[in-house]
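The next block holds one structure in the form of structure tokens; read it before the comments.
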Amino acid sequence: MNAAIVGIGQTEFSKDSGRSELQLAAEAASAAIDDAGLTPADIDGMVTFTLDTNDELALMRALGVPEVRWMSRTPHGGALASATVQHAAAAVASGAADAVLVYRAFNERSGRRFGQPDAARRGPAWNWYLPYGLDTPAKIYALWFQRYMHTYGVTNEDLGRYVVLARKHAATNPNAWFYGRPITLEEHQRSRWIVEPIIRKLDCCQESDGGVAFVVTTRERARDLKQPPVGVVAASQSHLWGGDVMFNYYHPEVADFPEATALATQLWRTSGLTPGDVQVAMLYENFTPVVFQQLEAFGFCGRGEAKAFIAEGNIEVGGTIPVNTHGGLLGEGYIHGVNNVLEGVRQLRGTAANQVPDVDHVLVAAGRSAAILGRV
Amino acid sequence: MPPVIPPVPGHDDEFFWAGVRDGRLLVQRCADCHELRHPPLPMCPHCRSLEWEAAELSGRGTIHSWVVSHHPSEPDAEPRVVVVVAMEEGVRLVSNLQGRAEDAAIDLPVEVVFEDFGDVVLPQFRVVAG
Ligand SMILES: [Zn+2]
């Protein structure tokens, strides 16, 4: 695509930011614009989540952005975290905008916590889940994961091997909430059940306060800017009939993640790349099992092979395909998956805390949306 | 008895909850192509017909997936076993398994029972004896 990420910015990731969500958005956006070597007057497009509470006009006022001609929002929360890249890239590639600011900012720990039961959050579909006690994302996802784990003989201890790895990466990333705090498999296995027998506390992403932002423009314009540009090689979403935001109870095969499989097919086809052409993979994990599902769906290993693939060390820095080098949403922080885009950019610039050598392509996948970023 | 968040029935699903109150497990059957569907939809996704009738299920199925749900903010509440049940007619629905978590297992045969939680009657499932 004729699009490149030219600036990234963020706040610290904490449990209590002590300031408004608008301030977090403004700080992250301002940092991203500075990082690109642009000014607020250059921004003429804005993209965020439907769930973001920061109105575009409020952020424009705060930043001093004089005029915007493209605004769009991505639905379905973190599943479409990487679709923000697609929206922004489509806008600049089509000429609808020249420079798009993507932002996601919230007080997800000190303010409204997504992980808590929420009877108020309901459309008609919730009638099929809330009365039976399925009132948190952890429960809703776990009821899907059970079938995968049963089918392929995956235990919670197998999940723990990923968590140990994510925490190892986070431990050497000064940006990470769990910087300097690695864990052992025994500590993982001692953490309390959140949804028995699938997810323990340490399998859950952080609930974080913070903001992240990035700027997308055309590749031509990117060449004249401050940073080495990071190209958007391919980006897509995948939505299938019978699917849902947070689970797969109705597709023919509940053990699978057919959206991720379809997404992988689209991305490898449109990019002309194969899994072997990617040196780093950022895989969204609100809960540990999604990493297993995505490793398999994107073809880094075969179906049912993720537990062995992880146990053999393939996804560590130094392994065949390092995953979530910043510590993931479990280790670095949960800015709804958009912090994964920033880590992908850092790996391509060569500025990551846990830098992988000779990175040409990074996959940034969020289950039902993904982008392949590459050196231009 | 666990605290239950009652459903808020609307146009598309009030038949289901009325059926449950009568001790019947109902799903939509397209009046034109006769495909069953659940959760309810205003239109048949197979032929786009708007006409449908309520079909009563046998109540028999198997556990397709399950978890133990502990209420995080009310830790004293009884944990509930949440199940996806594959009904023998081919549709799946989410419900609870009565009894102990140790009894839950993938592919276990179960049958529907109807339980009154005070505010609401819900279909629940129990392991088929023998
Ligand atoms: Zn029909």
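Computed over heavy atoms, backbone and side chain alike; hydrogens, waters and symmetry mates excluded. Convention: sequence-line order gives letters A, B, ...; per-chain numbering from 1.
- Interface summary for chain B: among A:Ala142, A:Ala255, A:Gly133, the most heavy-atom pairs under 4.5 angstrom belong to A:Gly133.
- The shortest heavy-atom contact between B:Ser95 and A:Tyr132 is CA-CD2, 3.5 Å.
- Using a 4.5 Å cut-off between non-hydrogen atoms, no part of residues 20-33 of chain B approaches chain A.
- Considering all non-hydrogen atoms of both residues, A:Val195 and B:Val68 come closest at CG1-O, 3.6 Å.
- When each of B:Pro40, B:Pro39, B:Gly10 is checked for heavy-atom pairs under 4.5 Å with chain A, B:Pro39 comes out on top.
- The closest side-chain heavy-atom distance from A:Arg147 to B:Ile106 is below 4.5 Å.
- In this structure, the side chain of A:Asn127 engages the main chain of B:Val8 through a donor-acceptor pair within 3.5 Å.
- Pairs of residues two or more places apart, or lying in two chains, that qualify as salt bridge (Lys or Arg N to Asp or Glu O under 4.0 Å) and include a residue from residues 81-98 of chain B are B:Arg60-B:Glu88.
- Checked against a 6.0 Å centroid threshold, the rings of B:Trp17 and A:Trp128 count as neighbours.
- In this structure, CZ in B:Arg80 is found 9.0 Å from CG in A:Leu134, a value given to the nearest 0.5 Å.
- Contacts between A:Ile198 and chain B at a heavy-atom distance below 4.5 Å involve the side chain alone, from C-beta outward.
- Side-chain atoms of B:Ser65 come within 3.5 Å of backbone atoms of A:Leu143 as a donor-acceptor pair (strictly under, hydrogens ignored).
- Ranked by heavy-atom pairs under 4.5 Å with chain A, the list B:Asp13, B:Val67, B:Val82 is led by B:Val67.
- Your options are B:Pro9, B:Pro45, B:Ala86, B:Ala101, and the one with the most heavy-atom pairs under 4.5 Å with chain A is B:Pro45.
- Looking at A:Pro131 and B:Ile5, their side chains never come closer than 4.5 Å, going by heavy atoms from C-beta outward.
- The shortest distance between side-chain heavy atoms of B:His64 and A:Val254 falls below 4.5 Å.
- Side-chain atoms of A:Gln146 come within 3.5 Å of backbone N or O of B:Trp66 as a donor-acceptor pair.
- For chain B, the nearby part of A:Trp241 is the side chain; its heavy atoms alone come within less than 4.5 Å.
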